[in-house]
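To start, the structure under review is shown below, and the notes come after it.
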Amino acid sequence: EEISEFRIGLLGGENAQDRLNNNECLRAKTEEVLGVPTKLFAPADYNGVIQGLLGGTIDMAWLGASGYAKTYLSDPEAVEPILVKVNVDGGYGYYSIGFARKDSGITSLEDMKGKTFGFGDPNSTSGFLIPSIEIPEVTGSTMTSGDYFGEVKFSGGHEQTIVGVNNGDFDGGVTWADGLGEWEDGYNSGALRRAVDAGLVDMNELVKIWQSKPIPEGPIVLRKALPEDVKVKFTALMASLPSIDPDCAYGVLSGEAKGVQPIGHDAYEVIIEARKLKSN
Amino acid sequence: MSITANETDFLKIQADRHFAKKKLMSFGLPVLVVAYLTYIFFAFDILGLAQRFEADNARALVADSYSYKTHVTRDNRSGDVSVAIEGERKGTYPKGTSPEWVTLGDTDTVIDLGDGHVVTFGADNFVSYDVPEYGVITAQPSRAKGVQAVLPEGEMPEWINASKNRMTITTEAGRLTITRNRTEVFRYFTGWELFFFTLDSPYHGLPVGEVMARALGGEASAIWQDFWTNKMWRHQDVAWAIFETILMAFLGTMGAAMVALPLAFLAAKNFTPLVVVRQITRRFFDFFRGVDALIWTIVLARAFGPGPLTGALAILITDTGSFGKMFSEALENVDQKQIEGVQSTGAKPIQRYRFGVIPQVTPVLMSQVLYFLESNTRSATIIGAITGGGIGLMLTQAMITQKDWEEVTYYIVLIILMVMVMDWFSGWLRRKLITGDESGH
Amino acid sequence: MLNIENLTKAFGPNVAVDAANITVDKPAMIGIIGRSGAGKSTLLRMLNRLSDATSGRIAFEGSDVTALQGAAKRRWQSECAMIFQQFNLVPRLDVVSNVLHGTLNRRNALATMFNLYPNADIHRAIDILDRLGIAEHAAKRAEALSGGQQQRVAIARALMQDPKIILADEPIASLDPMNAQVVMQSLRQIHEEDGRMVIANLHTLDTARRYCDRVIGMRDGRIVFDGTPAQLTTGVARDIYGADASFSEAATSTEIETLDRPEGFKPAAAASPELA
Amino acid sequence: MLNIENLTKAFGPNVAVDAANITVDKPAMIGIIGRSGAGKSTLLRMLNRLSDATSGRIAFEGSDVTALQGAAKRRWQSECAMIFQQFNLVPRLDVVSNVLHGTLNRRNALATMFNLYPNADIHRAIDILDRLGIAEHAAKRAEALSGGQQQRVAIARALMQDPKIILADEPIASLDPMNAQVVMQSLRQIHEEDGRMVIANLHTLDTARRYCDRVIGMRDGRIVFDGTPAQLTTGVARDIYGADASFSEAATSTEIETLDRPEGFKPAAAASPELA
Amino acid sequence: MTDMTGMSRDAGGIRADYMAQVRRKRMMDGIILIVFVTLMVTGFMVADDRNAGGFWEGLHRLFDFPKEVLGEAFEKVGELPAHLWKFLPSLIETINIAAASTLIGTMLGMVLSLLSTRGMAKWPRLIPLFRRIMDIMRAMPEIVIALVLIFVMGGGPVPAMVAIAFHTAGAMGKLFSEVNENASLKPVEGLQSVGASWTQRMWLGVIPQVAPNYFSYALLRFEVNIRASAILGFVGAGGIGYELRNAMSWGKGQYDEAAAIFILLFATIVVVDQLSSLVRERLTHGKTERKLEKASA
Ligand SMILES: Nc1ncnc2c1ncn2[C@@H]1O[C@H](COP(=O)(O)OP(=O)(O)OP(=O)(O)O)[C@@H](O)[C@H]1O
Ligand SMILES: Nc1ncnc2c1ncn2[C@@H]1O[C@H](COP(=O)(O)OP(=O)(O)OP(=O)(O)O)[C@@H](O)[C@H]1O
Ligand SMILES: [Mg+2]
Ligand SMILES: [Mg+2]
Ligand SMILES: O=P([O-])([O-])[O-]
C-alpha cells in the first residue's frame, strides 16, 4: 500500500505560528525522505490532535503521556509510540509543579485549603492527570470542588494556568517543568520558563507549593495503519534528527535535548491505568 | 357639551384607572429589568471582579499593542551578550552587531536607555544601572552568592523588586532583570518593529524612498519576497489565514443555501401537504440549527481532521438548519396567484416552481444568504480557533500565550477590516443582484 | 364542441356549482354573470382543470376533459387559456418572459429552466404584444405596468398558448373604466378575428350586454339564465342578482360615459351647523 | 402682541418665505391663504420654532422668539401650540395620552416617561375632549379614530398646552367636508370663548372668509394681501393664486353643501369610443 | 384599434432591441453561473487540500464520533438524570449571560439607533460617527473581546457578558435603525411642537411605534446569544460551554456527561426558539416577518 500524503499534528503550548515555524524543517525533511507531500497541522488543543490520530487524518504527533493514554483507550489500534525525548541529563521525565503567588501567603498545599485551584488541559499529564492523582494523596481528600479546595477549574492549558495564577484568578495551579536549573529562571525548560522568557511573570512573585514524582515524557507516535516502510523511514529520520540538524531538533523537541530513544507501549501502562482511574 | 356631567365623571374615573394601570406597566418593566440586573450584579460577582481587575494587565496590553521591546541579554554562565527584538530568535541581531544605543565592548557593554538611564554590563557578570535622581545600583550575580545587589542609601523604592537570587528594576526608560543565570535589559519603543523587513533582510532600516527606488530598479520581487516571508509578522501566513476564513464562510454559506433550498420545499405548508414529512424536515432543521456550528466542528473533526474543510462543513450543516427554516417561511409567504397563473398554461410542476415560485422568493433568499455570508465570516473566525485554521486560530493562540499583543492587535484590526469588507461586499452584491436586476430572469 | 353536463363542485357542505349544464356548438363569446359567490370562478376553474369537479362531466370536441390526468391534463390547460382578475403574472419577470410562459407546456422543461426559448417564440410574443398595443413595454418588468397593461400581458400570455378557448375570470374587475374598455375590446377582437371561444365572468350587466353573444346567469351555484343579451331584461337581471326593485344597473356600471355626470354648482352657504 | 419683522427663510437658493411682516395687536383668528408652495407651512413652522429663520425676527409680547434656545425655546413652543394637516399624533397611544402630551414641557421629563401625569391633568384632558365632543373615545388608540376625530384630538392636545397662540397648518386638508366643518368650528369657538390667537393655514378661500377675522395672502413667499375677509374679492384671490379668469372658487371649496349636488342619471350609452 | 390589425412600424425595432437584451442577459447569466461554479469547485478543492483529512476519505467516518458518544451515553443512561442535575447551574449561568447581555446590548443598541437615524438624531451631524461605531461593534467577533477581557479581568461570566453585549449593541443598533427609518416622523414633530425634549420625543413618539419590532428582534437575538455564550464558555468564559469542552476533550469515560450537557443545551435552544417564535407571532401578527424581509432586501 501507498500513502499520498503525510500529516504531522502539533500539540499546543506555543503560538500556533511559532509551532509551525519550529517544525517547518521537520516537514521539509520528511517530505524529502518519504517522497510525499507533508503538511503540518496545529489544532487549538490536545484533543484536536488526538481526534486527528483516531480518525486517521493525522499520521504522526508528539503526544503527552496522558494524550497517548487517551488515544490508546479510545482505540488501541490507532497509534504506536516510536520514540521519546531524552533530556540533557539522560533521563526522560519531567515534573508537575504546583505554584502560587508569593504575596498570597500560600506556601504549601495546606494553605490552599478552601482556595481556588487551577488545572490545565484535561488531557495534559502534568497539568491534570498526575496532580489529580498525587495531590489527593497529600491532602487526603478528593479533587472535587468544595471537598478540599474551594473550587477546582480547568484553565485550558499550561499558559492559561500560569497567567491565571499570576492574575489571581486561581490561588494555585499546576504546570510542567523539567525540574532542572533555578526557580528564579523558571527552571531550564517548561511552561514557566517560557512565561519568564516572554516577560509574562516574575518568578520572584511566585512560590512552589508542590512537586510531583517524575512523569514519563510523552511519546512520539505514528499511526499504526501506516505502511511499514513509512514507519521505518520516519523513525530513522526522527532518531537521527538531533545529530544531523541540532537547530531543527531544538525547535522540534522544544529546547535542548540529548536526543531521542526508542520506546514502546509498555512504558505508558502506568499512565493508562491512572487515566482509567479518572474515567467514570 | 356633548355628554352629561355624569358621564364625564365616569370617563374620568375610567381614565384614572387606565392610567393607574399604565403607571404600573411602565414602572413594572423597568423595575423587572433593574431587579434582574441587580441579581446579575451579585450572581456574577461584579464587585469581586472590580477588585480583581488587573489594571497592570490592561496597561501592559495597551502599551504592548503599539510598542515593542528590545532585549539585551547576557548569559551569566558564558558571558555572551545578545540583542533581540521581542527576545525572539527571529528578531536577534547578528553576532557582533547591535542597535546604536547598545555599545558592545570587549568587556563592557554599555546600554543607553535614554533620558540619562545607562546600564553597563561589566566584567565578571558585574552590572550597574545609573538611575537619574536616584543613584547607581550595582549587582554581581554569582552561582554561590546570589545576586548581591548594592543600592543607594535609604528605603528601597517600590520599583525595585529584589530577593536573594533575583532583582527586577522597572523604570520609565526600561527594565533590568538580574538572576544568577541571566542579566536582561528591556528597552521599549513605539511602533510595530520589523513589520516590513526582519533584521536579516538587506532592506531592513532603509527609508521608504530608497526601497521604492530599489523596487523600480528591478529588485521588486526580492523586496516583495522579503516582506511576504517576514518571519516576525508572517504576512504570507496571515494572508492565507484570512483567505481560509473567508473560504470557510463562503463554502459553508453557499453550500448550505444549495442544500437548504430543495429541503425547504419539504418543510413548507403550501408545497408539502403531508404533515409527517413537513414535521420531520422541520425537526431536522431545528436539530441542525440547535446544535451549534462549534459542536458540529468537534463531531466532524474525527472524520475530516483539522482544517478549513471541517470548518466549512460545520457552517454548512448549521446554516442548512437556519436557511431551511427561513426559506420555508419565505415559501409559505409566496403569492399563490402567480403560481396559478403559470399553472393555468399547462406548465409542468417543475416549471411551476421555476417561474411561479423562484422569481418571488429569490430576493428574500438572496438577501438572507448574503447577510449570512457576512455574519459567517465572524463565525468562521471562531470556528477556526477550534478546528485549527484561519485567522481565528492565529488570534486565539497569540492571545493565550499572552505575549505578542501587537500581533493580537494586528489580527484584530485585520479581522474587523475583513468583516467590514465582507459586510460591504454582501451589501453591494445584494443591491446589484436584487434591485439592479431589471428583467429578473 | 363544448359540453358541460351536470357539473358540480362542493366545498364540504357548501355547493359552489350545482349541476351546471352548458352546451356550446360553435366558438362564441359567452359572458357569465351573477353576484359574488354565485360560483362563476369555480366553474371556470373546473373548466381549466385548476380544480377538480365533484361530479359531472366536461367534454370538448368529444374528449372527456374531466377525466384527463398528468400530461394530458396539462395539454388541455394549454389549449384552454385562463385570464385572471388579478392578472396572475410573475411581477418580477419582464413582459416577454411572462408571455412566453404561454409556451411552457410545449417546450422542453430543462430548456425553459434556463430561459432558453426559441427565437421564433420570442418574436411571436412581441408580435402578440404589438397586436395588443403594448409592444413598447416588452422589456419592462410586469410589475412596472399599469393594471390595464398587465391584463393585456395576461391576454398575450393566453394568446401565446394558441388556445381553443379563452377563459377570463372577471378580467376587468380590477381595472378602471378606461382600461376595462380596452381589455374587453381586445377579447372581443380576438374572438372575432381568430374565431376563438371566449368565456368571461363579468360582474357588470352592461359589459356582458355589449360584448357577448350569449349571457349565462348564475345564482347560488345554479344556472338561472342562458340567452342572448337582448333577452336579459332588467327583470331577469333582478332575478339573477336577487335584488329588489331598487336595483339600478348604474350601480354596477363601469361605462366611461356614466362617469362624466354634469355637476351643479352651489355657492357656499353662510349658515354653520351647531357644533356637536 | 405678535410682531413679525422681515422674517425670511431660504432653502438653499430657494426662498420659501421672503421678508414677511405681520403685526397682530390683539388675539384674532387669522387665516393664511396661498397656493401650494407659497410658504404658508414654512411661516408657521418658524413661528413654532420647528425650523429656524434665515433672517428676520419674531417678537411676542416684547420678547424675541427667534433668539430662544434650549429650554426657553421649548417653553415658547409650549405656549404656541401647533396643529398639523396629518394630525401628527402618536397612533399607537390612547387618546388621553396624546392629549396629555400637551403638558410635556411643564412636567418632569422622567415622570412623563413613566406615565406619571397628575390626576388633575388627566381630568382636564377629558374635559377638553368633552368640549370637543370626543370624550367617549378617550380610551381608544388614536389610530382607531377617524381623521376628523384625530384632528380634534390634536386640537385637544393644543388646548392642553394652554397656549397663547394656536397655529394650525391646513388643519382640514385631510378631512372630508363634514369633519372639516366640525374642526373649523372648534377652532373658531376656541378663539371666541378662550380669547386665544389662532393662525390657520387654509387652502380654501371660503373657509378663510367664513371663519377668520383677518386673512393674509401669500404668493411665492411674499405677503401679497392682508385684510378683512370682505376685502378679499375674487380679483384679489386670483392675484394670490396667480390664476387666470377661469378660476372658480368652487374648485377649492370644501363646503358640505356643494357636495350634495343633484345627479342626473344617464343610461349606459351603446356607442363605444375608438380605442387608441 | 389600429395597431391590432398589423405589425406597427416599430415592432421590428422592439424585437431587435429585445433580442439584444436577451443575448446580453444570457451572457451575463452564463458568466455569473460559471464564476460561481468555479468559485465553489476551486474553493472546495483548496479547502479539501488544506484539510488534514479529505472529504471523500472521511465521509464514511462521519458517524464514528457520534457513535462513540451515544454508545457511552446509552451504556450509562442511568446516570443521565444525575448529570443533568449536575450541569443545570452551568446552564443557568449560560442563560444568564445571554439574557443580561441581550438586555444591555439591546438598550444600548436602542440609543445608538435613535442617535443614528435621520430625523430622530439628537446630533444630526454625528450620525456618520455613530454609524461607524456600530459597524465596528458589529464587526468585532465576541471571542476577541472575551479573550482580551479574560486577560484583563480574569475568567468567569462577566467577560462573556460584556463581549456579547458589545456585539449585540452594534447588531441591534443597525437593525433598529432600519426599523426607525420605517417609523413615521409625524408624531415626533407633533411632540416637538409642544416643546418636548429629545428624550420625551423618542420615548413617547418613536418607541411606541417601534417597540413590537424591537422586541421581536431582541428575542431573536437572545437565541443567538445563548449559542454565543455557550461558545465563549468553550474558550474559558464559564457556563455550560466550559463543562462541555472538558467533558468532550477528556473523551471516553466522560462522554455520558458530554451527552447530558448536549441535551441540556439543545433543549434550551429549542425551547427558546419555540417560545420566541410564539411570542413574536403574537406580538406582530406576522407583520415583522414581512418587514424583516423588506429590511434585508
Ligand atoms: N377553495 C374554496 N374552498 C371553500 N369554498 C370555496 C372555495 N372557493 C370558492 N368557495 C365557495 O364557493 C362559492 C362560489 O365561489 P366562487 O368564487 O366561484 O364565486 P364567484 O361567483 O366567482 O364570486 P366572486 O364574484 O366573488 O368571485 C362561494 O360560496 C365560495 O365561498
Ligand atoms: N425642508 C425643506 N427643504 C427644502 N425646501 C423646502 C423645505 N420645506 C419647504 N421647502 C420649499 O419651500 C417652499 C414653501 O414651502 P411650504 O411648505 O411652506 O409651502 P406651503 O405654502 O405650505 O405649501 P403647501 O400648500 O403645499 O403645504 C416650497 O418651494 C418648498 O419646496
Ligand atoms: Mg370569482
Ligand atoms: Mg404646507
Ligand atoms: O501532557 P503534558 O505535556 O501537558 O504534561
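So that the names make sense, note that chain A is the first sequence line, chain B the second, and so on, each numbered from 1.
Salt-bridge annotation for A:D185 and B:R180: absent, with no side-chain N of the basic residue lying under 4.0 Å from a carboxylate O of the acidic one.
The distance from the CD atom of A:Q51 to the CG atom of B:L300 is 11.5 Å, given to the nearest 0.5 Å. One distance of note links CD of A:E205 with CZ of B:R166; it measures 8.5 Å at 0.5 Å rounding.
Qualifying side chain to side chain contact (heavy atoms under 4.5 Å, CB included) partners for B:A84, counting only residues two or more places apart in sequence or in other chains: B:T92. With sequence neighbours left out, A:D171 forms a salt bridge (Lys or Arg N to Asp or Glu O under 4.0 Å) with no residue at all.
Counting non-hydrogen atoms of neighbouring residues, nucleotides and ligands closer than 6.0 angstrom, the NZ atom of B:K145 reaches no more than 12 such neighbours.
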Original post:
Given the rule in the side chain to side chain contact (heavy atoms under 4.5 Å, CB included) test, do B:T179 and A:M203 qualify, once you have shown the distances and angles that lead to the verdict?
Top reply: CA-CA 10 Å; B:T179 68; A:M203 292 305 285; over 6 Å; no
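Heavy atoms closer than 4.5 Å to chain B are found in the side chain of A:I58, but not in its backbone.
The choice from A:G52, A:G157, A:G55, A:G48 that makes the most heavy-atom pairs within less than 4.5 Å of chain B is A:G55.
Between B:G305 and A:T57, the shortest heavy-atom distance links the atoms CA-OG1, 3.1 Å. For the residue pair A:N204 and B:M167, the shortest heavy atom distance occurs at ND2-N, 4.2 Å.
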